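Just so it is clear: chains get the letters A, B, ... in the order the sequence lines come, proteins before strands, and each one is counted from 1. Just so it is clear, the model here is predicted, and its values are computed rather than measured.
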Amino acid sequence: MVFLWRTLSCYLFLREKISQVKNSKEKAEGQRRRVTLRIIEELKTEIKEVLMNGLESAKAAGLIQYTKVPEYIIEIPREKTHGDFAANVAMLMAKEAKMPPRKIGELLVAQMEILGSNIERVEIAGPGFINFFLKKDWLYRVPKIIFQMGDQYGSVPLGGGEKVQVEFVSANPTGLLHMGNARGAAIGDSLANLLQFAGYEVTREFYVNDAGNQIHLFGRSLDARYREALGETIEFPEDGYHGEDIALSAKRYLEQYGDALLKEEEEVRCKTLADFALKEKLSHIESTLKSFGVEYDVWFSERSLYENGKIKDTIDCLIKEGQAYEKEGAVWLKAPEGSEEKDEVLIRSNGLPTYFAADIAYHRDKFQRGFDRVINIWGADHHGHVARMKRAVSLFGTDPDRLIVILMQLVRLMRGEEIVRMSKRAGTYLTLEELLEEVGYDAARYFFVMRNPDSQMDFDLELAKSKTSENPVFYVQYAHARICSILRQAKSLGYSLPDPLSLDYSVLEDDSELALLAKLADLPEEVANSALTLEPHRLTVYLHDLAAAFHLFYTNCRVNTPEEELRNPRLALAKATALTIKNVLTLLGVSAPEEM
RNA sequence: GCGCCUGUAGCUCAGGUGGAUAGAGCAACGGACUUCUAAUCCGUGUGCCCGGGGUUCGAGUCCCUGCAGGCGCGCCA
């Protein structure tokens, strides 16, 4: 009876979910995303129920004493021989129950009712793990779910529509994009994709530093080149931008608008030229990033904070609250009470706000725009700014934990053994454009996102150029291309794939087939974990494992066999794998080629 | 001096909330294509997880400390 009920309810549950998915196909994206089937999660829940019921029975029978069940986990063991899932609860209870973990496990398992569940058998192993071996049926649900979900397979309703902003790259608009920006672009964009896939409402933002000191200097450098082009002998600003691009910008202005600017005041000349060149630079940055697969929702101008008075308002507010004060002609932000930190300048004695002041106003504005969480991706050289910024946010009543800064360690460029010293002034740095030309779009994206932002990375150009096959991205892409090839082959043999939802998958019994199914089922959990920890690089680990599982399946099992009962489920399995690979590659901004 | 990050195989790196025999790629060596793409698969590792303490049933993971490398500590951004 229990068995029947469980089977029936499970079936009804599945039917309901599937019909939800079916109906939702015509509905909006957002609604589609809410429908998700996390098999692994369901199974864990079921195991927990069985486990807890057993534990209560054991307690009721006076076999095990405890007051509270400790925080235990259900994990997927690395070793196949350790079962499909394992629980560590017996080991955690040992102390209070005053019994060896294995003994607890035995008593517990004896009280468990597994009849009618997905559990086939249970074992006690090692120091006291309770290992669960499941019936294979659950695996055969996997392909159907993947086909139901389509390009949404793997998405999870984790975020519940929480509004998250991801601000990344925000490169200095006076120059070109370098390797650090490239890393930030790959990580930021993948993270944004990932969060979106995990049910968050994501806004991608680029903060344009089009104000302040550097723009002033930028303008003066341009002005010098402009006048130089008109035959004047010039004195180049001491800390000016020496790059050739500056001179070229000035020349282009001259060609378009002539020499009329000479009659204007220096300040007007500088501002006009700076505006002209900034526009050029920004559109160049935008198109370069676009060619790297990155597009923004918002380009936020720092200058706008000056023009609409938000910086002034922010500082006034701080003064009013007694957090800032005037001294020696400057305005200072007080360090926290009792801390060893120094007070920070907000407005210089020359009357101009500092970058920090603008950034406070900027972050205040971010939260005023209603984001629940704000994620900034910064280079490690900005880490000194993090604590300050969090504190500044808290001064306006925002919980500083809502501001998350992901610091990336810097990228070191190598040519073989030799370190390439990057210098903007000398113009000896590699731009993102050049990188794309040398290494290629997919490899660059994958390479950057593969590594944990915390680790500093060497980018060896010679390696990247000479042996591109070393890059793991090809391993994954090849799996996808192979599947497409199988499907093409099937078509040319006249094999058509019937509705994958009506197939019987239980003929898939080879170890490599079962392993592949299990790996496919794992994606929603991987997405959830990666989104929770804000670590898109985990997805590359998953992709590699998935591709490996497929390559093994490919080697061991022939898909296009004449036996229809075997061929059809295998074709469907292959197709489901391709779909899954493509979904994850898309999150990483990498293409899924059909041929290689 | 203070702060942040890092230290895992020859090299490049993975190792959610502590779990069972620490993994992968590359490189090296030996096998597997008359069969859906060999950019693949299978096999071969003698790793003081930087050192030293500690926490506990159990530590690469947590705490303390030392060493080494990177990066910050501006009226720069």
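Figure legend: A:R183 and A:F448 shown without cation-pi pairing, the cationic atom not lying both under 6.0 angstrom from the six-membered ring centre and within 45 degrees of its axis. Remark: A:K48 qualifies as a cation-pi partner of A:Y72 under the 6.0 Å distance and 45° angle criteria applied to the six-membered ring.
Of the C1' atoms belonging to B:U12 and B:U6, the separation is 15 Å, rounded to the nearest Å. Using C1' as the reference atom, B:A20 and B:U61 are 16 Å apart when rounded to the nearest Å. Comparing the P positions of B:G45 and B:A38 gives an interatomic distance of 27 Å, to the nearest angstrom. Rounded to whole Å, the C1' atom of B:G72 lies 23 Å from the corresponding atom of B:U65. For the P atoms, the distance linking B:G60 with B:G52 amounts to 13 Å, nearest Å. On the P atoms, B:G30 is 43 Å away from B:C71, given to the nearest whole Å. Taking atom C1' in both B:C13 and B:A22, the straight-line distance is 14 Å, to the nearest Å. Taking atom P on both nucleotides, B:C36 is separated from B:G25 by 25 Å, rounded to a whole Å.
For the pair A:L493 CG and B:C36 C1', the interatomic distance rounds to 8 Å; values are reported in whole Å. Whole-Å rounding puts the A:N568 CG to B:C36 P distance at 20 Å. For the pair A:E341 CD and B:G1 P, the computed distance is 20 Å after rounding to whole Å. Straight-line distance from the CG atom of A:D343 to the C1' atom of B:G74: 14 Å, rounded to whole Å. Protein atom CE of A:M179 is 17 Å distant from nucleotide atom P of B:C71, rounded to whole Å. The interatomic distance linking A:Y446 (OH) with B:A14 (P) rounds to 13 Å, in whole Å. Across the protein-nucleic acid pair, A:D458 atom CG and B:G7 atom P stand 14 Å apart, rounded to whole Å. One atom, OH of A:Y554, and another, P of B:C42, lie 14 Å apart when rounded to the nearest Å.
Between the side chains of A:N209 and A:Q214, not a single donor N or O lies within less than 3.5 Å of an accepting N or O.
Considering only heavy atoms from C-beta on, A:R482 comes within 4.5 Å of A:F550 through its side chain. Within the 4.5 Å cutoff, the side chain of A:H363 has heavy atoms near those of the A:M389 side chain.
With B:C71, B:U56, B:G74 as the candidates, the nucleotide lying closest to the side chain of A:L410 is B:C71. Of the candidates B:A77, B:G19, B:A14, the closest approach to any side-chain atom of A:H385 belongs to B:A77. Checked against B:C75, B:A39, B:G19, the side chain of A:E75 finds its nearest nucleotide in B:G19. In the set B:C36, B:A20, B:C4, the nucleotide with an atom closest to the side chain of A:Q489 is B:C36. Taking only side-chain atoms of A:S455, from C-beta outward, the nucleotide of B:U56, B:A14, B:C36 with the closest atom is B:A14. Taking only side-chain atoms of A:N209, from C-beta outward, the nucleotide of B:A20, B:A77, B:C41 with the closest atom is B:A77. Listed nucleotides: B:A38, B:A14, B:C75. Nearest to the side chain of A:V345: B:C75. Closest approach to the A:F474 side chain among B:A14, B:C41, B:A39 is made by B:A39 (side chain taken as heavy atoms from C-beta onward). The listed nucleotides are B:C13, B:C36, B:G19; the one nearest the side chain of A:P127 is B:G19. Counting only heavy atoms from C-beta on, A:D454 has its side chain closest to B:U6 among B:G19, B:C71, B:U6.
When the side-chain nitrogen and oxygen atoms of A:R348 are compared with OP1 and OP2 of B:G74, none of them lie within a distance under 4.0 Å. The shortest distance between the side-chain N/O atoms of A:R451 and the OP1/OP2 oxygens of B:U12 is not below 4.0 Å. Note on A:H537: a side-chain N or O is less than 4.0 Å away from OP1 or OP2 of B:G15. When the side-chain nitrogen and oxygen atoms of A:R388 are compared with OP1 and OP2 of B:A77, none of them lie within a distance under 4.0 Å. The phosphate of B:G74 (OP1 or OP2) has a side-chain N or O of A:K342 nearer than 4.0 angstrom. For A:N88 and B:G19, the shortest distance from a side-chain N or O to OP1 or OP2 is not below 4.0 Å. At B:A24, none of the side-chain N or O atoms of A:Y475 fall inside 4.0 Å of OP1 or OP2 (strictly under the cut-off).
As judged by a 4.0 angstrom heavy-atom cut-off over every strand, A:Q456 is placed among the base-contacting residues. Nucleic acid contact for A:I347: none, since no nucleic acid atom lies under 4.0 Å from a heavy atom of the residue. In this structure, A:C484 reaches neither bases nor backbone, as no heavy-atom distance under 4.0 Å exists between it and the strands shown. Residue contacts shown for A:V541 are limited to sugar-phosphate atoms, with no base heavy atom under 4.0 Å away. At the heavy-atom level, A:S349 lies under 4.0 Å from base atoms of the strands shown. Within 4.0 Å of A:D545, counting heavy atoms only, lies no atom of the nucleic acid at all.
Applying the 90° cutoff around 0 to the glycosidic angle, B:G47 is assigned anti. In textbook terms, a nucleotide whose glycosidic angle is within 90° of 0 is syn, while B:C41, being further out, is anti.
The base-pairing partner of B:C33, taking Watson-Crick or G-U wobble contacts with both distances under 3.5 Å, does not exist among the strands shown. The nucleotide B:A20 finds no pairing partner, because no Watson-Crick or G-U wobble arrangement with both distances shorter than 3.5 Å includes it. In this structure, B:A59 forms no base pair with any nucleotide, since neither Watson-Crick nor G-U wobble geometry is met with both distances under 3.5 Å. Base pairing annotation: B:G3 forms a Watson-Crick or G-U wobble pair with B:C71, both donor-acceptor distances under 3.5 Å. Base pairing of B:A28 is made with B:U44, judged by Watson-Crick or G-U wobble geometry with both donor-acceptor distances under 3.5 Å.
Residues A:F129 and A:A490 both approach RNA chain B. Their nearest nucleotides, taken by heavy-atom distance, put A:F129 toward the 5′ side. Along RNA chain B, the nucleotide nearest A:T81 and the nucleotide nearest A:I73 are compared for position; the residue whose nucleotide lies closer to the 5' end is A:I73.
Between the side chain of A:T354 and the base of B:C75 there is no donor-acceptor pair of N/O atoms closer than 3.5 Å. Not a single donor-acceptor contact under 3.5 angstrom links the side-chain atoms of A:D381 to the base of B:A77. Between the side chain of A:H383 and the base of B:G3, a donor-acceptor pair under 3.5 Å is found.
Remark: aromatic rings of A:F459 and A:F447 are close, center separation under 6.0 Å. Aromatic rings from A:F129 and A:H82 are positioned such that their centres are separated by 6.0 Å or more. Proximity of the aromatic rings of A:W378 and A:H385 is defined here by a centroid distance below 6.0 angstrom, and this criterion is met. Not less than 6.0 angstrom separates the ring centroid of A:F206 from the ring centroid of A:F300.
Minimum interatomic distance between A:K310 and A:A361 (heavy atoms only, all atoms of both residues): O-CB, 3.9 Å.
For the pair A:H82 and B:A20, the ring geometry qualifies as stacking, because the centroid separation is below 5.5 Å while the planes lie within an angle under 30°.
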